[in-house]
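Chain identifiers are assigned alphabetically (A, B, ...) following the order of the sequence lines, protein sequences preceding nucleic acid strands; residue numbering begins at 1 within each chain. It should be emphasised that the depicted structure is a prediction, and the values quoted were computed from it without experimental measurement.
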There are 2 protein chains.
Amino acid sequence: MFAVENLYLINQVIRMRQNPTLKKIAERLNVSISTVSRALKDHPDISPETGRKIKELAELLEYDPNPYAVNLRTHSSREFAIVVPSLSNFFYHSFIGSIEEEARIYGYSVVIYRSSNDAKIEQEILKSCRHKRVSGIFIAITSETDDMEPFLKMDVHGIPVIFFDKVPQYESCNKICVGDEHAALLAAEEIIRKDIPNILGIFGDPNMSITRARLQKFATVLQQNGSAVHLKTVHARSSAEAEQITLSLLPEWMDKKFAVFCMSDEILAGAMKAIQRKGLRAPADLGVIAISDGMIPLLFYPEITYAETSGSKLGKLAFSRMMRCIAGSSFAQTIIDESKLVVGGSI
Amino acid sequence: MFAVENLYLINQVIRMRQNPTLKKIAERLNVSISTVSRALKDHPDISPETGRKIKELAELLEYDPNPYAVNLRTHSSREFAIVVPSLSNFFYHSFIGSIEEEARIYGYSVVIYRSSNDAKIEQEILKSCRHKRVSGIFIAITSETDDMEPFLKMDVHGIPVIFFDKVPQYESCNKICVGDEHAALLAAEEIIRKDIPNILGIFGDPNMSITRARLQKFATVLQQNGSAVHLKTVHARSSAEAEQITLSLLPEWMDKKFAVFCMSDEILAGAMKAIQRKGLRAPADLGVIAISDGMIPLLFYPEITYAETSGSKLGKLAFSRMMRCIAGSSFAQTIIDESKLVVGGSI
DNA sequence: ATTCTCACCGCAAACGTTTGCGGTAACATT
DNA sequence: AATGTTACCGCAAACGTTTGCGGTGAGAAT
């Protein structure tokens, strides 16, 4: 008596614990597993009658195919990986958010990896992606990544790789980048429009390609403008350094009409701190303009005018490129996302 | 001749494309699959000699077990899920980062899901987690989540759930929360220490438990302090609303010695905009103090004094709780993370 | 009555692991 | 010489799916 009750209980528990499988549905309906499998995907070989019954029961039991079994059989994971150097960055968040949104629609899930800007960790992540047979990889590489071989290996394994934001030099791969030149152009044009003669341009690490691109274009546009614009450029490797530099430079600019240009959010944060510290206010005492992902500029009053580099737009572009790769397009392409000027009131 | 060459090529490609498996290693070494499997996990039944050879070859071929096959067999995915209402939030980033870091050490990977604060999507995510048999779930629930049933279902399936930050009322589950009361206490104490008689307290949506907790404690501590502190509390549901309210209230406070308390980063951002707009400066014109995750306060000069609610610390706590659950601890616990005061210069 | 179509369905192998169980030598114990 | 022990290793089933192929019965065509 006790034993029977016990067994019943155990069965109950097992029933509860286990997800329904094809086999269970098949047994309940006295058909074969293959029939159930086919019915669930509307295979023409299945009669309408049988199909209906199977689908009804599957619905009732909340059947969902076991993704691991499916993958083992078909090698398709319906899972994307996004690899970024860091998560503390508004740009990547909006990128991730945008990919995630699209992926949901197509029934994919998204795994997010953080390389901590460490090439070693990046390698490990790539390996794990290979073994997990992800459907595709979106990656912003670390600043020290120089070996393309792991990425080519992905290709051999049939896993498409879309580089975004931080992309390698290597030509024939899919890259989706921010329009560095275009953003710099927009900022420079706004400065010219406001007719400001003196510019303090604060840029990032001169070794980064993004710095070179933005600086070069920014300088060129200002120079091309007939009137003599005086541009002084400095480099800061961190927010704190940007603050320091700005702080030490501000005094000598105070007697002229001038503006500060910050090439990134990080630098903007530092520069704004120095500006506040000196008790200055835009746009009365100076102009401020930046290239930004669009969060920091909104924290100040007046809001900072900036050329936006939109992560979510980049995400959409990257995703559609990815889908094309999955559909079989083997051809590599570099897409550059144009920027747009968001006018605050700081210049 | 051509055919032979062709075949060779095809074989090459196939060799390249396919990850090494137990079977391949076994064939190369003329041993059985079981032996390889056991050797790779140092099973005592395997002779040192055989073990060495197998491990060497496995190393050479960069063998890694196919996670899908392993899961199918063992039902262990070594994969955690983190579910958050939104990604645009510094607190969640640092939480995610911290979980991810720990997980890497233990050989787990992390999937991040975003519920968009929508209970429907949250449901779907949970279902997908169940079917993927994730090893565990960290979740900050949406504000509309009221049904505990899906979570209990997880338990039945043997998937531990750790609630963090936004947790349900329900008693017997694992919750890791920010010490709302403690943070409010720290802020209030600092205000008392600075001997400021008038306080404008800006709080969030009065229906949120977090608001109630912070408000209640904050008010109580101020009241308990013998000297008569005047506290006016207002509620804002967004950054913009906080700005509006602050803007309209500031004029009437200008003639007194006062401070603004912001219960969150969102509100702080709005309030600071109003303060800048009025041309006021802390700490000369007014005091500013907040409860924050620690990013926004650093953008201003002087930096805002705040009681920190650390996502990364919460992550560490949540992770160790998770590991204990996986190890078999069935007992539920609520952990509250104490806050700490970070002194800027705004009060 | 024989053959041909078709619509419908099941068999069985395969994906790559893990693991209980059983087997075989070699050597030590009676 | 028979038995026991020990160290090593392989067989085979199972996890849940997908899919090529072959089979059955019913009706149509010859």
Side-chain angles (χ1 to χ4, degrees), chain A residues 14-15 17-55 57-58 61-79 107 128 130-133 157-158, chain B residues 14-15 17-55 57-58 61-79 107 128 130-133 157-158:
Chain A
I14 290 178
R15 282 256 170 68
R17 282 186 65 99
Q18 287 181 350
N19 287 321
T21 67
L22 291 184
K23 197 205 271 192
K24 273 182 222 144
I25 298 182
E27 278 167 0
R28 283 261 258 269
L29 259 37
N30 278 325
V31 293
S32 75
I33 295 179
S34 350
T35 303
V36 179
S37 173
R38 291 195 173 97
L40 259 22
K41 32 175 70 76
D42 289 316
H43 191 286
D45 265 10
I46 305 300
S47 76
E49 170 68 6
T50 321
R52 193 187 46 74
K53 277 199 296 193
I54 291 178
K55 282 193 268 188
L57 185 57
L61 299 181
E62 292 189 322
Y63 169 81
D64 239 26
N66 179 322
Y68 297 96
V70 173
N71 177 279
L72 193 58
R73 199 36 239 266
T74 64
H75 293 185
S76 102
S77 65
R78 296 196 85 72
E79 179 170 290
S128 141
R130 242 177 37 229
H131 291 131
K132 287 184 67 174
R133 290 202 185 87
H157 283 256
Chain B
I14 289 178
R15 281 256 169 67
R17 281 187 64 98
Q18 285 182 351
N19 288 320
T21 66
L22 290 184
K23 196 204 268 190
K24 274 181 220 144
I25 298 182
E27 279 167 0
R28 285 263 258 268
L29 258 34
N30 278 324
V31 292
S32 76
I33 296 179
S34 348
T35 302
V36 179
S37 173
R38 291 196 174 99
L40 259 22
K41 34 174 70 76
D42 290 316
H43 191 285
D45 265 10
I46 305 299
S47 75
E49 170 69 5
T50 321
R52 193 186 46 72
K53 278 198 296 196
I54 291 178
K55 281 194 268 190
L57 184 57
L61 299 181
E62 291 189 320
Y63 170 81
D64 238 26
N66 179 322
Y68 296 94
V70 173
N71 177 281
L72 194 57
R73 199 35 238 263
T74 66
H75 293 184
S76 102
S77 64
R78 298 196 84 75
E79 180 170 289
S128 141
R130 244 179 32 230
H131 292 130
K132 287 184 68 175
R133 290 205 188 86
H157 283 255

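Applying the side-chain contact (heavy atoms from CB on, under 4.5 Å) criterion to B:N71, with sequence neighbours excluded, gives A:Y68, B:S77, B:R133. In terms of the salt bridge (charged side-chain N to carboxylate O under 4.0 Å, His left out) criterion, residue partners of A:R52 (sequence neighbours excluded) are, by chain and number, A:E49, A:E56. Applying the side-chain contact (heavy atoms from CB on, under 4.5 Å) rule to B:K55 yields the partners B:L40, B:D42; only residues at least two apart in sequence or on another chain are considered. When the salt bridge (charged side-chain N to carboxylate O under 4.0 Å, His left out) test is applied to A:E62, the partners found at least two apart in sequence or on another chain are B:R130, B:K153.
Annotation: of the two residues near DNA chain D, B:G51 and A:Y68, the 5′-most nearest-nucleotide partner is B:G51.
One can place CG of A:N71 at 10 Å from P of C:dG16, the figure rounded to the nearest angstrom. Rounded to an integer number of Å, the gap from CD1 of B:I46 to P of D:dT6 is 19 Å. The NZ atom of B:K24 sits 14 Å away from the C1' atom of C:dT17 (whole-angstrom rounding). Taking atom NZ of residue A:K41 and atom C1' of nucleotide C:dC9, one finds them 16 Å apart after rounding to whole Å. Per the geometry, CD1 belonging to A:I25 stands 12 Å off P belonging to D:dG16, to the nearest Å. Summarising the geometry, the separation between CG on B:D42 and P on D:dC8 is reported as 13 Å, rounded to the nearest angstrom. Spacing between atom CD of A:E49 and atom C1' of C:dC8 amounts to 13 Å, rounded to whole angstrom units. Look at NZ on B:K53: it is 13 Å from C1' on D:dC8, rounded to the nearest Å.
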Using the 3.5 Å cut-off, write out each protein N or O paired with an N or O of nucleotides 23-28 of chain D and the distance between them.
none

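With rounding to the nearest 0.5 Å, the separation of NZ in B:K23 from CZ in B:R28 is 14.5 Å.
Side-chain contact check for A:Y63 versus A:L57: every heavy-atom pair is 4.5 Å or farther apart.
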Practice item. Report, as a single string ordered 5' to 3', how protein heavy atoms within less than 4.0 Å touch nucleotides 10-15 of chain D: B base, S sugar-phosphate only, - not at all. Key: BBBBBB
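Between the side chains of B:S32 and B:T35, at least one donor-acceptor pair of N or O atoms lies under 3.5 Å. B:S37 and B:S34 are not linked by any side-chain donor-acceptor pair at a separation below 3.5 angstrom, with hydrogens and angles left out of the test.
Across all strands, A:S37 comes closer than 4.0 Å to base atoms (heavy-atom distances).
The phosphate of D:dC9 has OP1 or OP2 within less than 4.0 Å of a side-chain N or O from B:S47.
Nearest heavy atoms, A:A39 versus A:I46: N-CG1, 3.8 Å.
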